[in-house]
Amino acid sequence: MLKLLERTHVRPESLAVLLALVVVMAILSPVTSSGIRVFLTANNFFNIILASATFGILAIGATYVISAAGIDLSLGSVLGLASVAGAALVVTLEWPWYFAIIGALGAGAAAGAVNGLIITRGHVPAFIVTLGMLGIARGLALIISNGRGIYGLPDEILFLGQARPWGVPTPVFILIGVALVAHYILAHTPFGHHTLALGDNENSARATGINVRRQRMVLYTISGLMAGIAGLVFTARVNTGDPTAGLNYELLAITAAIIGGTNLFGGRGSILGTMIGALIMGVLQNGLNLMAVQAYYQQMAIGAVLIAAVWLDQIRTRGRSLQ
Amino acid sequence: MSIIELSGVEKSFGAVQVLHGVDLTVEAGEVVGLVGDNGAGKSTLMKSITGVYTTDKGRVMFDGQDVTQLEPGARRKMGIEMIYQDLALAPQQDVANNIFLGREPVKRLFGLLPAFVDKPRIDDQAQGMLDRLGVHVPSIHIPVGMLSGGQQQTIAIARALTFQPKLVIMDEPTAALAVREVESVLQLIAQMKSDGIATILISHRLNDVFAACGRIVVLRRGNVIADLRRDETDMAEVVSYIVGAH
Ligand SMILES: Nc1ncnc2c1ncn2[C@@H]1O[C@H](COP(=O)(O)OP(=O)(O)O)[C@@H](O)[C@H]1O
Ligand SMILES: [Mg+2]
C-alpha cells in the first residue's frame, strides 16, 4: 500500500487527513430517523462525489499548470463561461444537442489557449493573465446569458449530469475517466515528465531541448479544457447554463491540488493525490453543510485549509533541506 | 573537418554587448580549454553553441551544417551536449529521469495508446551509465536535489555522455569537486578524446586545463585574444592574457 502511494506520488498524510475527516464528520453529523448518521448514508456519499466531481475536474487542470510552476486563477470563471456557451448554442440557438458539448469544451479550451498565448508570447506573468481572464470570462458569461440562467437542456445532455447507470451518477464516471487519462499523461508520458521538469527548473528543461513555450501553451489549454468539461457536467447536473456557475471554484480546485501533494512552486504533482484532495474538500463542505454551518464560514474554512496546506508544505521542505 | 566553427558571433543582453564577434574552431576529437576572467563571456559563448541563447550576429557551423537558427533540442540531437555551470538539473525528479530528460525512450501498448515513457529501460540504462562512470549514488530513484554537489556534477556528466555526443562542452565541471573526483573527470576527458569526442573545457583551474587540453583559447571582454598550443605556452603566458597584461 505504501509502495503504491509512493509510486503514484500520493502523500500518505493526505490519505490520513481524508480518513480522519470522514471519522470526525461521521461522529458530528446528525442521526437519521432510522438511527444511522446522515453522513454515512449512501445518498450522502453520492452527494459528496457529485459535488466533488465538478471542482475535482477543475483541480486536474490546476494540477497540470501548478506542477509546471504556473497558476490558473480563471478556472472557476471559465467553468461559468463554458456552461453558458454550451447551453446558449443548444437552447437559445436550438442547435443539435452535441453542440452543448462542443460549445462548453471549445469555450474552455479557447479561454485556456488565450491564457497560454499571452503568457508565453507576451511574457505577462500567469498570475496576472489568469486573474484578468477571471474577470473577462465571467463578464462574457453574463453578457451571453443576459445575466440569467439558460434553462432546459436536451435529455442527451441531462444524461451526463443526472443519470445513474448501475446506480452511480454519471459525473462520477466522467471524473474517474478524466482523472485516469490525466494521471496516465502526467505520470507516464514524455509530456508529463517535461511538465514536471519545467516546473522544477525551467533552465534544465530548455537546456535538454524541451520546447518550453509550446509546453506551457498546451498546459494552459488543457487547464481551460478541464474547466470546459467541468462546465458541461455542471450544466447537465442543474439543467441550466448558469453564468454564475463555478464562482470561487478556483479556490477549491487549487486547494485540492495543493493538499493532494502538488508543489505550489512546481516540479511535483500527482493526479491521484489531487483526487484525494478533492475528496477532502468535498467531505469538508458536505460535513459542514450537514452540521448546518453557514456558507460564509465554509468559505473561510476552505481558505484557511489552503493557507495551512502550503504552510505545512513549506515547513516540510525547509526541514528536509536543513538535514 | 572541424566539428564546430564559430564566425563573427555577437551577443548583447539589452544594452550590454557581451560577445564582440568571436571566431573559434574546434576539430573532431580535440580538447580545447576556454579560459578568461569572470564575466568574459565564456558561458554566454557556449550557450550560443547549444542554442540556449540565440546569437545577434555571426554563424555557428556544426559538423558541416549551419545550426545558427536551430533550437537547443535539434542541436542536441545532432550531438552537441553541454554540462552547464549551474548543472541545469531538475532537483525534484529522480536521477534516472534527469539523465534521460528531453530524450525519454517510449513504448506503445497495442500501438494505440499514446506513447508512454519506458521507465524500466531508463532506469536500466541510467544505472549502466553511472556504473561505467564509476559513480555511486544511493539509488537512481532518489531526487537529484538530495545528492551532494559532486554527485550532481556526475549526473550532469552522465546526461551529456549517454547519447553518443560529438561535442561536449563542460562549464567549470571541476569547481565543486574533491581532488579525487577532479582526477576522474580529467581521465574521462582523455577517454572521450580517444573515442573521437571533441571537448571544450571551461575552467579557472589552469592546472586542469594544462593537464587535459592540447589548445588553450583566452577570452577577454567578449573577444578571443589568444589561441595557444599547450606545448608552446606556459601558465605565466596564459595568465598574462587573462588579466590583460599582454
Ligand atoms: N541572461 C543574461 N542576461 C543579462 N546579462 C547576462 C546574462 N548572461 C550573462 N550576462 C552577462 O554577460 C557577461 C558575461 O557573462 P558570462 O558569459 O556568464 O561570463 P563567464 O562565464 O565568462 O564568467 C556578464 O557581464 C554577465 O553579467
Ligand atoms: Mg560562466
- Among A:Leu251, A:Leu306, A:Thr255, find the one that has a side-chain contact (heavy atoms from CB on, under 4.5 Å) with A:Met281.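 Single side-chain contact (heavy atoms from CB on, under 4.5 Å) partner of A:Met281 among A:Leu251, A:Leu306, A:Thr255: A:Thr255.
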- Task: Below 4.5 Å from any heavy atom of chain B, which atoms of A:Phe191 appear? Answer side chain, backbone, both or neither.
- Result: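 No part of A:Phe191 comes within 4.5 Å of chain B.
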- Task: Please flag which part of A:Leu196 lies under 4.5 Å from any non-hydrogen atom of chain B: side chain, backbone, both or neither.
- Result: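 Its backbone and side chain both get close to chain B.
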Look at the side chain of [X] and the backbone N and O of [Y], then say whether any donor-acceptor pair between them is shorter than 3.5 Å.
| X | Y | answer |
| --- | --- | --- |
| A:Ser223 | A:Leu219 | no |
| A:Thr262 | A:Ile258 | no |
| B:Asn98 | B:Ala90 | yes |

- Message: Measuring from atom NZ of B:Lys42 to atom CG of B:Leu219, what distance do you get when rounded to the nearest 0.5 angstrom?
- Response: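 Taking NZ in B:Lys42 and CG in B:Leu219, the distance rounds to 7.5 Å.
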- Query: Going by residue number, which parts of residues 48-81 of chain B are within reach of chain A, meaning a heavy-atom gap below 4.5 Å?
  - Reply: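 At a heavy-atom separation under 4.5 Å, chain A is reached by B:Val52, B:Pro72, B:Gly73, B:Arg76.
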- Scan residues 80-104 of chain B for pairs that pass ring pair (Phe, Tyr, Trp, His ring centres under 6.0 Å), counting only residues two or more places apart or in two chains.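 Sorted result for residues 80-104 of chain B: B:Phe100-B:Phe163.
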- Task: Scan residues 138-161 of chain B for pairs that pass ring pair (Phe, Tyr, Trp, His ring centres under 6.0 Å), counting only residues two or more places apart or in two chains.
- Result: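 Sorted result for residues 138-161 of chain B: empty, none.
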- Item | Part of B:Asp118 lying under 4.5 Å from any heavy atom of chain A |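 Neither part.
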- Message: For B:Leu89, which atoms come within 4.5 Å of any heavy atom of chain A: side chain, backbone, both, or neither?
- Response: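 For B:Leu89, the contact with chain A is made by the backbone alone.
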- For each of A:Gly267, A:Gly209, A:Gly266, tally heavy-atom pairs with chain B at distances under 4.5 Å, and name the one with the top tally.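 The option with the most such pairs is A:Gly267.
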- In chain order, what residues pass the salt bridge (Lys or Arg N to Asp or Glu O under 4.0 Å) check against B:Glu30, with sequence neighbours excluded?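 Salt bridge (Lys or Arg N to Asp or Glu O under 4.0 Å) list for B:Glu30, sorted by chain: B:Arg215.
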